[in-house]
Amino acid sequence: MSLRILIFICFLTILKFSSVASVTIECNYTMDYDEFYPCKVQNIDIFNGDRLFIEKAVGKHDKRKTDDDVEALWIDDANTKFFPRNINNVFKNLVLISIRNSSLIEITSDDLKVFPQLKTLILFKNQIEVIREDTFKFNPNLEHIYLNYNKISHIEPKSFSGLENLNFLLLNGNVCKFGYAEDREEVLEVITELVERKFCQSQKFQTNLGDEI
Ligand SMILES: *[C@@H]1O[C@H](CO)[C@@H](O)[C@H](O)[C@H]1NC(C)=O
Ligand SMILES: *[C@@H]1O[C@H](CO)[C@@H](O)[C@H](O)[C@H]1NC(C)=O
């Protein structure tokens, strides 16, 4: 019995030290011109390039507000190549996530699947190169996506096709040349270009070479 407990403790210890680094974020919860009650992350220096596990948030909430009232998470100028984990357990009701002017190299369905209620995703000014077809498949409520000023050279054709509420899509400032899509009609034009004209394809990111082009 005690051996089992010992083994269990060893297991937990290994789990703790082999997992991604756990951190506490410090939030400023002040509403300025915000539509949603925000956490604006202050201690940006915790980001060290790796994927972080956000364990909890601290900061002075508005009167009567709690972590469950936080609807928007703002992270700016962060050295993070990968989307942080566990944010969904800290803030359970996020509808807006913004990671701007940072160093994200990818965004995946694994990153986003825990936010089924997400409406706005702002990834302005990062290092993202490719958008895969399944990226947004767990986020059918997305209305606004900002991917402008990344390094996108490849978008799998149906990446945005399932997003029926998408009425704002910024892809300007990438390797592929896009204009602004600021209403549903313009978003549909982008989707048509991607699907029908196979716009924004790069050899580097083809998964089934010879199949499509
Ligand atoms: C939080 O942000 C507001 C403005 O957005 C600023 O006035 C205030 O000083 C900030 N609070 C802290 C603790 O940094
Ligand atoms: C972007 O982040 C860098 C630090 O990583 C900072 O020096 C720069 O001022 C930021 N640019 C903008 C436009 O906020």
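Any value given below was found using the heavy atoms of this structure, including those in side chains, with hydrogens, waters and symmetry copies removed. Throughout, residue positions are numbered sequentially from 1 according to the sequence presented.
For residues 61-163, the set of pairs meeting the disulfide (SG to SG under 2.5 Å) definition, not counting sequence neighbours, is empty. For residues 38-85, the set of pairs meeting the disulfide (SG to SG under 2.5 Å) definition, not counting sequence neighbours, comprises C27-C39. Each ring-ring contact (aromatic ring centres under 6.0 Å, His included) pair with one or both residues in residues 58-80, not counting sequence neighbours, appears once here: Y29-H61, Y37-H61. Contacts classified as disulfide (SG to SG under 2.5 Å) and involving residues 154-191 (residues at least two apart or in different chains) are given here: C176-C200.
Every residue two or more places apart in sequence or in another chain was checked for a side-chain hydrogen bond (donor to acceptor under 3.5 Å, both in side chains) with E106, and none qualifies.
Following chains of ILVMFWY side-chain contacts shorter than 4.5 Å, one cannot reach F91 starting from F138, and the two form parts of different hydrophobic clusters. Residues F178 and I191 are members of one and the same hydrophobic cluster, defined by side-chain heavy-atom contacts under 4.5 angstrom among Ile, Leu, Val, Met, Phe, Trp and Tyr.
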Verdict with reasoning, T108 to D110, per side-chain hydrogen bond (donor to acceptor under 3.5 Å, both in side chains): CA-CA 5 Å; T108 69; D110 265 353; 5.2 Å; no
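Of the options K204, K81, K151, a salt bridge (charged side-chain N to carboxylate O under 4.0 Å, His left out) to E129 is made by K204 and by none of the others.
Summarising the local packing, NZ of K40 is surrounded by more than 12 heavy atoms from other residues, nucleotides or ligands at distances under 6.0 Å.
Note on E156 versus R132: salt bridge recorded, some NZ/NE/NH1/NH2 to OD/OE distance being below 4.0 Å.
Counting only distance, with no hydrogens or angles, the side chain of N79 and the backbone of D45 share no donor-acceptor pair below 3.5 Å.
Through direct or indirect side-chain contacts shorter than 4.5 Å among Ile, Leu, Val, Met, Phe, Trp and Tyr, F205 is connected to V130.
Atom CG of L104 and atom CD1 of I75 lie 8.5 Å apart (nearest 0.5 Å). The CG atom of N101 sits 10.5 Å away from atom CD1 of I44, with the distance rounded to the nearest 0.5 Å. Note: L118 CG to E143 CD = 10.0 Å, rounded to the nearest 0.5 Å.
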